[in-house]
4 protein chains.
Amino acid sequence: MNSSFQRIGLISKYGATTVGATLRRLIEYLQARGREIILDSSAAEHVPDTRLSCVERQALAARCDLVIVVGGDGTILNAGRSLADAGVPLVGVNLGRLGFLADVSPDLMTDQLDQILTGEYAQEERALLHATVQRDGETLSTSDALNDVVIHKWDVARMIELEVRIDERLLNTQRSDGLIVATPTGSTAYALSGGGPILHPSLDAMVLVPICPHSLNNRPIVINETSTVEITVHAGDYTQAQLSCDGQVNVALLPGDRVSIRKKTHALKLIHPPGYDYYEILRRKFGWGKTS
Amino acid sequence: MNSSFQRIGLISKYGATTVGATLRRLIEYLQARGREIILDSSAAEHVPDTRLSCVERQALAARCDLVIVVGGDGTILNAGRSLADAGVPLVGVNLGRLGFLADVSPDLMTDQLDQILTGEYAQEERALLHATVQRDGETLSTSDALNDVVIHKWDVARMIELEVRIDERLLNTQRSDGLIVATPTGSTAYALSGGGPILHPSLDAMVLVPICPHSLNNRPIVINETSTVEITVHAGDYTQAQLSCDGQVNVALLPGDRVSIRKKTHALKLIHPPGYDYYEILRRKFGWGKTS
Amino acid sequence: MNSSFQRIGLISKYGATTVGATLRRLIEYLQARGREIILDSSAAEHVPDTRLSCVERQALAARCDLVIVVGGDGTILNAGRSLADAGVPLVGVNLGRLGFLADVSPDLMTDQLDQILTGEYAQEERALLHATVQRDGETLSTSDALNDVVIHKWDVARMIELEVRIDERLLNTQRSDGLIVATPTGSTAYALSGGGPILHPSLDAMVLVPICPHSLNNRPIVINETSTVEITVHAGDYTQAQLSCDGQVNVALLPGDRVSIRKKTHALKLIHPPGYDYYEILRRKFGWGKTS
Amino acid sequence: MNSSFQRIGLISKYGATTVGATLRRLIEYLQARGREIILDSSAAEHVPDTRLSCVERQALAARCDLVIVVGGDGTILNAGRSLADAGVPLVGVNLGRLGFLADVSPDLMTDQLDQILTGEYAQEERALLHATVQRDGETLSTSDALNDVVIHKWDVARMIELEVRIDERLLNTQRSDGLIVATPTGSTAYALSGGGPILHPSLDAMVLVPICPHSLNNRPIVINETSTVEITVHAGDYTQAQLSCDGQVNVALLPGDRVSIRKKTHALKLIHPPGYDYYEILRRKFGWGKTS
């Protein structure tokens with residue numbers, strides 16, 4: 001058996017009652033194969049009686065050879081942002097509903113992990129975005145996103161006006177409900193609801209999708225992942241905007257704030273069982289039948 | 001000259017510095033034609049030295065034969081909601097930029113008003129929507145809209161889940177950023193940005209447009225204006241939703257709140273100069289050239 | 001039992017092998033209830049050994065009180081165009097796959113027809129379109145459509161240029177792959193693929209949907225069913241266009257040809273089993289789940 | 001002065017009456033700068049009295065250091081397909097209307113060519129697609145496209161059914177009016193009308209855009225330019241499909257025909273005046289104003 005995945009970290013969805021059983025099966029399975037197991041607090045809360053070591057997520061990432069995340073795509077988004085820097089690969093076990101990221105099903109879990117632990121797997125790199133908010137020349141906040149960085153109007157039923165620059169060149173000044181900047185991973189999430197295209201995960205690209213743009217010919221644009229996107233919130237009487245990363249981190253933006261978005265240096269290493277087929281996941285998630 | 005428009009009310013955009021000059025020209029013009037003029041406070045603030053009577057908007061609507069609104073479409077939306085019940089017709093003078101509703105231009109104002117005052121004009125009825133919010137069986141608020149009633153997620157980067165019923169029959173339960181219910185008048189405003197169709201003003205219809213729907217086959221649907229739309233906000237951990245009418249009136253909604261939307265009994269009487277051509281306004285607003 | 005549906009016509013899909021069994025069950029059922037049955041040739045071909053009278057479709061429409069169509073929506077579209085003028089109501093039995101129009105399922109057929117024959121049913125009127133092609137001032141052809149009239153480029157990979165007038169007023173001159181003019185019935189067919197909205201069947205409206213328009217702000221527009229749409233094919237070196245009605249009738253168009261489309265005087269009377277719910281059909285056809 | 005562009009080929013739009021004057025100015029300008037000029041027949045027809053040598057387009061590409069194309073984007077598409085293999089760079093002079101590819105305006109032509117001839121210019125590579133049609137195991141035809149390869153239904157108002165594979169993996173089987181496979185260059189042409197995103201020219205990608213797909217959740221997908229797309233036309237009673245490259249080359253397809261599309265080995269070298277700004281062209285072509 002492959003010795004590279006000896007120390008395995010477990011992370012899971014918070015608060016989901018169905019997680020416990022899967023997690024216990026997983027622990028039993030890994031112990032039977034002689035793996036060292038480390039939990040973070042999200043996993044530990046589901047197995048309160050365990051004697052396994054429980055550490056902070058950063059420490060877990062630093063000490064493990066592989067992290068198994070039990071939950072949905074949201075759980076993986078959350079874990080992925082924490083783990084990318086450490087370079088530890090991640091595999092996702094879903095809770096019965098196929099995810100784009102969590103593609104090991106509980107039913108096939110032991111067979112598929114057998115393969116992964118013996119070195120039979122597909123590994124791919126998923127880019128993250130890094131967003132920096134500048135106010136009055138100072139950095140107000142930084143945050144990462146595996147799916148998308150979204151600048152969205154807030155609280156009022158008015159459009160916001162955003163000036164968008166790519167690599168220091170003006171793209172346009174647009175009035176809309178907001179703007180989504182998504183990775184290929186995020187292209188099948190919120191960006192798709194906003195009318196964006198699907199980007200194959202192997203593409204070195206990001207996509208800008210305007211949300212309900214005032215101008216009907218303001219369209220999604222796919223740009224190189226090496227580009228830097230700068231978005232400035234224009235002044236307005238009642239403008240209120242916020243920044244979200246993967247729908248979870250929020251910063252309130254003021255007129256004049258400048259959000260700079262670029263690809264994060266480290267990508268997330270995502271592991272799939274052998275035979276991983278992105279198109280099959282698309283077909284199943286979107287119900288593309290024989291004649292879709 | 002036609003005697004039907006003897007007492008004329010003037011309403012204008014608040015705070016716009018360009019309004020004053022147009023308003024003074026208009027007052028001079030109407031006085032020269034022996035019309036009685038009544039202002040509301042929005043108009044009076046631009047001509048502080050006038051001796052014209054200034055009354056509340058409801059009183060103005062009750063006492064006048066015609067109301068001239070100086071401003072953009074937003075000003076007319078605002079005035080229209082106040083005036084519809086009184087049944088007084090309204091004509092809109094724009095401030096240099098053609099509006100869908102404010103279609104008298106300052107340049108042609110005196111000529112076009114000459115025609116209107118002598119009875120040469122086109123009158124149409126524009127339907128309004130009436131929204132009622134019910135909480136725990138009690139009416140929380142009511143409001144009117146000439147463009148649209150919008151239920152929108154609020155403050156957080158999550159979708160809301162709405163159950164939509166039409167005439168007491170389930171349409172669907174949808175997850176989205178929100179739902180727009182628009183009149184034909186509103187179909188060229190926010191609903192269009194959300195992907196809705198243009199509805200000709202003469203249509204007895206309203207359109208439901210989902211905002212960034214999670215399901216890709218959730219599409220705009222046009223229904224009869226006699227229908228009642230009921231939207232229930234579903235419970236969720238972090239759901240926060242708000243109700244807006246014409247982007248101006250806001251009510252915070254809680255899970256379980258039920259918004260009932262139906263056509264208002266009284267329509268707005270909107271007056272246009274003779275030769276009014278809705279399609280020409282579409283062409284100019286959307287830049288449909290010879291070969292659009 | 002209601003005596004109004006005594007003479008019943010049967011029409012079916014041509015060539016479908018699964019039709020025969022359903023048709024035989026239907027004949028047996030109707031004979032057991034003492035109904036007189038008349039076939040057209042489409043039905044007769046499936047029951048060659050029958051002694052039932054078989055007549056032309058127009059004669060069938062004239063002599064029957066009710067026509068039952070066995071097949072899919074395509075079969076009903078075809079029959080509906082023939083039957084609308086005669087005013088005979090039509091009910092559709094599908095072949096196992098729910099249709100928008102053919103909503104009686106073979107499994108529930110006898111129960112649902114029991115109800116219909118005793119007068120328990122919902123009847124609605126579905127508007128048809130009537131298209132006239134004028135060339136050099138003469139009428140070249142006329143045709144009817146229950147779904148849509150489509151003007152489409154033909155044979156070459158170039159856009160066509162169409163001048164569109166509504167009630168003699170210019171809407172626009174557009175370059176596109178073509179233009180769909182659809183009834184509410186047709187709004188869930190080709191027009192939907194082209195990006196059009198769903199129109200509730202009770203709407204007195206038609207919708208114009210441009211196909212792949214060159215101009216990004218050329219959008220679907222819903223107009224009153226009382227309007228007349230006139231489309232002129234513009235001259236071009238290689239322009240080739242064709243006219244289709246419900247995807248079945250074709251006329252080759254030349255530059256300068258003018259297609260006039262208006263609502264047909266007679267609507268189709270469509271009968272549904274009691275409890276007919278249009279929204280339920282939408283949900284089932286589009287897979288709108290609990291949380292679509 | 002830079003000696004690299006000594007022998008310059010001229011290609012122009014066929015039949016356009018406005019080309020002649022620009023071409024003469026161009027010849028005069030180049031002769032004054034001591035350049036050797038070679039024409040192809042498209043240019044020669046506009047200057048019938050010239051003593052310049054006129055050769056076949058392939059020979060011109062082989063012998064020249066630079067080719068100047070006078071015309072619109074269509075002329076450049078045509079020339080680009082011929083010139084890519086030879087590796088000769090191309091610059092486009094438009095006829096007064098800015099093109100995505102023809103971005104030297106007649107007014108600024110001499111100044112901008114001064115810069116280009118002295119080595120001040122921006123050069124980029126634009127990928128082409130290479131399409132192969134296989135029938136019964138044999139190659140029926142091959143063709144190149146700078147914008148797009150389109151498989152489109154032909155002559156009848158029915159959808160076609162296409163099976164799409166990417167790198168030998170099934171993407172889906174789709175019913176639609178057709179499918180566009182576009183380069184970044186083609187993303188602002190027909191693919192955009194079909195609802196596709198804009199792809200920045202520097203992206204190593206192609207985009208698949210379904211035309212009026214039957215399934216509402218069949219969406220544009222952007223894939224890696226190293227991928228091979230295989231499209232098989234499914235059998236159907238009346239299926240008729242055709243293949244177009246850049247809207248100009250046509251092959252009639254039969255059920256069972258397999259179209260294989262991959263990136264062409266040689267890209268087109270496209271030269272722009274210094275200061276070339278793709279986003280500015282987007283803004284001008286799409287009318288993105290200050291507040292689009």
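The shown structure was predicted, so the numbers you read here are calculated from the model rather than taken from an experiment. Naming convention: chains lettered A, B, ... in sequence-line order (proteins, then strands); numbering from 1 in each chain.
Within the 3.5 Å criterion, the main-chain N or O of Ser202(B) finds a donor-acceptor partner in the side chain of Asn224(C). When atom types are taken as modelled, the side chain of Arg219(B) and the backbone of Thr188(C) share no donor-acceptor pair closer than 3.5 angstrom. A donor-acceptor pair is defined here as one N or O able to donate and one able to accept, closer than 3.5 Å; no such pair exists between the side chain of Trp288(C) and the backbone of Gln174(B).
For Leu162(B), no part lies under 4.5 angstrom from a heavy atom of chain C. There is no contact between Leu208(C) and chain B, counting heavy-atom distances below 4.5 Å. Interface residue Leu282(B): only side-chain heavy atoms are found under 4.5 Å from chain C. Heavy atoms closer than 4.5 Å to chain B are found in both the backbone and the side chain of Leu203(C).
Side-chain atoms of Leu170(B) and Arg283(C), non-hydrogen and from C-beta on, do get closer than 4.5 Å to each other. Tyr279(C) is not listed as a side-chain neighbour of Val164(B), based on a closest heavy-atom distance of 4.5 Å or more.
Among the residues in residues 190-200 of chain B, those with a non-hydrogen atom closer than 4.5 angstrom to a non-hydrogen atom of chain C are Leu192(B), Gly195(B), Gly196(B), Pro197(B), Ile198(B), Leu199(B), His200(B).
In terms of heavy-atom pairs under 4.5 angstrom with chain B, the leader among Val209(C), Thr226(C), Ile221(C), Asp204(C) is Ile221(C). Comparing Val207(B), Ile223(B), Leu216(B) by how many heavy-atom pairs each has under 4.5 Å with chain C, the most go to Ile223(B).
Within 6.0 Å of CZ in Arg135(C) there are more than 12 heavy atoms belonging to other residues, nucleotides or ligands.
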